[in-house]
Asks: 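One structure coming up, written as C-alpha cells, with questions to follow.
Whatever order the structure lists them in is the order used to number ligands and atoms, beginning at 1. For the numbers below, each heavy atom of this structure counts, side chains included, while hydrogens, waters and symmetry mates do not.
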Amino acid sequence: MQSVAVITGGASGIGRACALRMANEGHAVAILDLQIDAGRETVELIRAQGGNAGFFECNVADHNSIAQAARQVEDTLGETRVLVTCAGLIPHAESILDLDIERHDRLWQVNYHGTLHSCRIFGRLMRDRRQGAIVTLGSINSLRPMPLPAYNVSKVAVHRLTELLAMELGPHGVRANCVGPTFVMTEGLQQKIAEGKRDLSVMLSQQALDALPTPDDIADAVAFLCSKAAARITGVLLPIDAGWTPGVSYYSYAGGLPWVRT
Ligand SMILES: NC(=O)c1ccc[n+]([C@@H]2O[C@H](COP(=O)([O-])OP(=O)(O)OC[C@H]3O[C@@H](n4cnc5c(N)ncnc54)[C@H](O)[C@@H]3O)[C@@H](O)[C@H]2O)c1
C-alpha cells in the first residue's frame, strides 16, 4: 500500500497546494476538512494529475471526529507517514478588551486544539511505526505581536506545541516542524486586495523580496521538511516570509536607511 499524507484543511488555499504537492511526492493523500464540495474538488484535482486521494469530512475542533477520520483513512488509503495541519481560521484585527469571546474561543478550538488533536491522533500512529513527519502551520504571528489576540497567541502556541512534539516523538524516529508564512497570495487574499481590504504595497514594504509567497511556495517548504533531505531537521520554525522577519526591524531603524528602496 502507498504511504499516506494527511492534510487537514486540504479543501482550499495552502492546504490544497500541500495536498497536490504531496501527491506529486508519491503519497496517497487524505483531505480532512469541513468543506465537502471543495474537499472533493481537491481530490479530483489530484486524480486528474494521476494521484490517489480521498476526502474525509472532519471537524478538527472535535477529537472524536479526527479519530473517526483517522480510522477511515487507514482502512481505505493506507498507513499515515505525513501530517500537515492546515485547517485554520483567519480573523481581522481586533482589540483584546472588546473582542467577542465566543469567536475567540472558537478560533482556539480550531487553530490550537485542532492542531493538538490532529498531532496526537496521527502522532501516535507514527510513533508506533517509528516513522513519520509532521508539519504544523504557524505564521509570522508565531514570532511577533500583532493585533489579532486570538490568532496571534494561538500561532505562538502552535509553534511551542511543535517543539514539544519534536522532543517527544524524536526518540521514536518521528519529526515535527512548523512553517511560518507571512501573508500568502491565496485566492482569499487576492479578493481582499481587490476589495481594498488589504494594501499590497504596505505588505511588501516590510519585507526584503518584492512578492508575497504563493500557496505553492508554502507547499515546497512543507514538502522539503517532510522529505529525506530534512532527515535531521526537527523542532524548527521555518519562516516563509520573503524576508519579513529581518525587515520589520531593519526598515524601522530610527537612524534611517543608508539607501533608498525603489
Ligand atoms: N493565508 C495566509 O496568509 C496565511 C499566513 C500564515 C499562516 N496561514 C495559516 O495557514 C493555514 C491555512 O490558511 P489558508 O490561507 O489556506 O486558509 P483557507 O481558509 O483557505 O483554508 C483553511 C481550511 O481549513 C478548513 N477548516 C476550517 N475550520 C475547520 C475545522 N474546524 N475542521 C476542518 N477543517 C477546517 C477550511 O474549510 C479551509 O478549507 C491556516 O492555519 C492559517 O492560519 C495562512
Asks: Just by modelled atom types, is the Cys58 backbone N or O under 3.5 Å from a matching donor or acceptor in the Asp33 side chain?
Replies: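 It does not hold such a pair.
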Asks: Under 3.5 Å, side chain of Glu25 to main-chain N/O of His27, donor-acceptor pair present?
Replies: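 Between the backbone of His27 and the side chain of Glu25 there is no qualifying donor-acceptor contact (under 3.5 Å).
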Asks: Under 3.5 Å, N or O to N or O, is Val184 touching ligand 1 that way?
Replies: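 Yes, Val184 has an N/O under 3.5 Å of an N/O on ligand 1.
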Asks: Where does the angle between the aromatic ring planes of His113 and Trp108 fall among parallel (under 30°), tilted (30 to 60°) and perpendicular (over 60°)?
Replies: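 Plane angle over 60°, so perpendicular.
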Asks: Give the residue and atom name of whichever protein heavy atom lies nearest to atom 22 (C) of ligand 1, and the separation in Å to one decimal.
Replies: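 Of the protein heavy atoms, Gly88 O, 3.8 Å lies nearest.
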Asks: Heavy-atom contacts with Gly9 under 4.0 Å: which atoms of ligand 1 show up? List them by number with element.
Replies: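 Atoms satisfying the 4.0 Å criterion: 23 (C), 24 (O), 25 (C), 39 (O).
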Asks: If the cut-off is 4.0 Å to any non-hydrogen atom of Gly138, which atoms of ligand 1 fall inside it?
Replies: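 Those of ligand 1 that fall under 4.0 Å from Gly138 are 7 (C).
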Asks: What residue and heavy atom of the protein are closest to atom 17 (O) of ligand 1, and at what distance?
Replies: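 For this ligand atom, the closest protein heavy atom is Ile90 CD1, 4.0 Å.
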Asks: Taking distance alone, with no angle check, do Ser139 and ligand 1 share an N/O pair under 3.5 Å?
Replies: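 It does not: no N or O of Ser139 is found under 3.5 Å from an N or O of ligand 1.
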Asks: With atom 30 (C) of ligand 1 as the reference point, say which of Ile240, Ile36, Leu34 has the nearest heavy atom.
Replies: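 Selected option, by shortest heavy-atom distance: Leu34.
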Asks: Is it the case that more than 12 heavy atoms not belonging to Asp210 sit under 6.0 Å from its CG atom?
Replies: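 Open: at most 12 neighbouring heavy atoms sit under 6.0 Å from CG of Asp210.
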Asks: Look at atom 28 (N) of ligand 1 and say which protein heavy atom is nearest, naming residue and atom and giving the distance to 0.1 Å.
Replies: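 Among all protein heavy atoms, the one nearest atom 28 (N) of ligand 1 is Val110 CG1, 3.6 Å.
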Asks: Using a 4.0 Å cut-off to any heavy atom of Gly13, which atoms of ligand 1 qualify?
Replies: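 So the atoms of ligand 1 that pass are 16 (O), 20 (O).
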Asks: At a 4.0 Å threshold, what atoms of ligand 1 neighbour a non-hydrogen atom of Gln35?
Replies: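 Answer, ordered by atom number: 36 (C), 37 (O), 38 (C), 39 (O).
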Asks: Any salt bridge linking Glu195 with Lys192? Criterion: basic side-chain nitrogen under 4.0 Å from a carboxylate oxygen.
Replies: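 So Glu195 does not pair with Lys192 through a salt bridge.
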Asks: Is any N or O atom of Leu32, backbone or side chain, closer than 3.5 Å to an N or O atom of ligand 1?
Replies: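 No, since none of the N or O atoms of Leu32 sits under 3.5 Å from an N or O of ligand 1.
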Asks: Step through the shown structure and confirm whether more than 12 heavy atoms of other residues, nucleotides or ligands are within 6.0 Å of CD1 on Ile101.
Replies: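 It does: Ile101 CD1 has more than 12 such atoms within range.
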Asks: Please say whether Thr85 places an N or O atom under 3.5 Å from an N or O atom belonging to ligand 1.
Replies: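 Thr85 vs ligand 1: no N/O contact under 3.5 Å.
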Asks: In the protein, which heavy atom is nearest to atom 41 (O) of ligand 1, and how far is it?
Replies: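 Residue, atom and distance for the closest contact: Lys155 NZ, 3.0 Å.
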Asks: How does Asp33 reach ligand 1, by side chain, by backbone, by both or by neither, if only non-hydrogen atoms under 4.0 Å count?
Replies: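 Both of them.
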Asks: Do Leu83 and Ile7 come close enough that some side-chain heavy atom pair is under 4.5 Å?
Replies: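 Counting from C-beta outward, Leu83 and Ile7 never come under 4.5 Å.
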Asks: Can you tell me which residue and heavy atom of the protein come closest to atom 19 (O) of ligand 1, and the distance to 0.1 Å?
Replies: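 The closest one turns out to be Ser12 OG, 4.1 Å.
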Asks: Examine distances only and state if a side-chain atom of Arg175 and a backbone atom of Ile134 form a donor-acceptor pair shorter than 3.5 Å.
Replies: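 Checked: no pair found.
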Asks: With atom 43 (O) of ligand 1 as the reference point, say which of Phe56, Tyr151, Phe183 has the nearest heavy atom.
Replies: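 When every heavy atom of Phe56, Tyr151, Phe183 is considered, Tyr151 comes closest to atom 43 (O) of ligand 1.
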Asks: Give the contacting part of Cys58 toward ligand 1: side chain, backbone, both or neither, where contact means a heavy-atom distance below 4.0 Å.
Replies: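 Backbone only.
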Asks: Show the numbers, then the answer: is there a side-chain hydrogen bond (donor to acceptor under 3.5 Å, both in side chains) between Ser201 and Asp199?
Replies: CA-CA 6 Å; Ser201 62; Asp199 185 335; 2.6 Å; yes
Asks: Suppose I only count heavy atoms of Cys86 and a 4.0 Å limit; which atoms of ligand 1 are within that range?
Replies: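 Near Cys86, the atoms of ligand 1 are 11 (C), 12 (C), 40 (C), 41 (O).
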Asks: For Gln2 and Gly26, indicate whether the former's side chain and the latter's backbone hold a donor-acceptor pair under 3.5 Å.
Replies: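 Yes; at least one donor-acceptor contact below 3.5 Å.
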Asks: Between Arg16 and ligand 1, find which residue part has any heavy-atom pair under 4.0 Å and reply side chain, backbone, both or neither.
Replies: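 For Arg16, no heavy atom sits under 4.0 Å from ligand 1.
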Asks: Give the residue, atom name and distance (to 0.1 Å) of the protein heavy atom nearest atom 6 (C) of ligand 1.
Replies: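 Residue, atom and distance for the closest contact: Pro181 O, 3.4 Å.
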Asks: Does Thr186 approach ligand 1 within less than 4.0 angstrom via side chain, backbone, both or neither, non-hydrogen atoms only?
Replies: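 Looking at Thr186 and ligand 1, just side chain atoms fall under 4.0 Å.
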Asks: Who's the nearest protein heavy-atom neighbour of atom 35 (C) of ligand 1, and how far?
Replies: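 The protein heavy atom lying closest is Ala87 CB, 3.8 Å.
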Asks: Indicate, as side chain, backbone, both or neither, the part of Thr182 found under 4.0 angstrom from ligand 1 when only non-hydrogen atoms are considered.
Replies: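 Under 4.0 Å from ligand 1, Thr182 contributes backbone atoms alone.
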Asks: Show me which atoms of ligand 1 lie under 4.0 Å from any heavy atom of Asn59.
Replies: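 The list of qualifying atoms is 30 (C), 31 (N), 32 (N).
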Asks: Of the protein's non-hydrogen atoms, which lies at the shortest distance from atom 44 (C) of ligand 1, and what is that distance?
Replies: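 Here the nearest protein heavy atom works out to Ile14 CD1, 3.6 Å.
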Asks: Kindly indicate whether the side chain of Leu77, heavy atoms from C-beta on, has any atom under 4.5 Å from the side chain of Phe56.
Replies: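 Yes, their side chains come closer than 4.5 Å.
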Asks: Are Arg16 and Glu41 within salt-bridge range, i.e. N to O under 4.0 Å?
Replies: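 Salt bridge present between Arg16 and Glu41.
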Asks: Are Glu74 and Arg129 close enough for a salt bridge, meaning some N to O gap below 4.0 Å?
Replies: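 Salt bridge: yes.
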Asks: Under 3.5 Å, side chain of Gln207 to main-chain N/O of Ala211, donor-acceptor pair present?
Replies: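 Present.
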Asks: Would you mind finding which of Val60, Leu137, Leu89 brings a heavy atom closest to atom 32 (N) of ligand 1?
Replies: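 Going through Val60, Leu137, Leu89 one by one, Val60 has the nearest heavy atom to atom 32 (N) of ligand 1.
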Asks: Do side-chain atoms of Asp241 reach the backbone of Pro181 as a donor and acceptor pair under 3.5 angstrom?
Replies: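 No, because the side chain of Asp241 does not come within donor-acceptor range (under 3.5 Å) of the backbone of Pro181.
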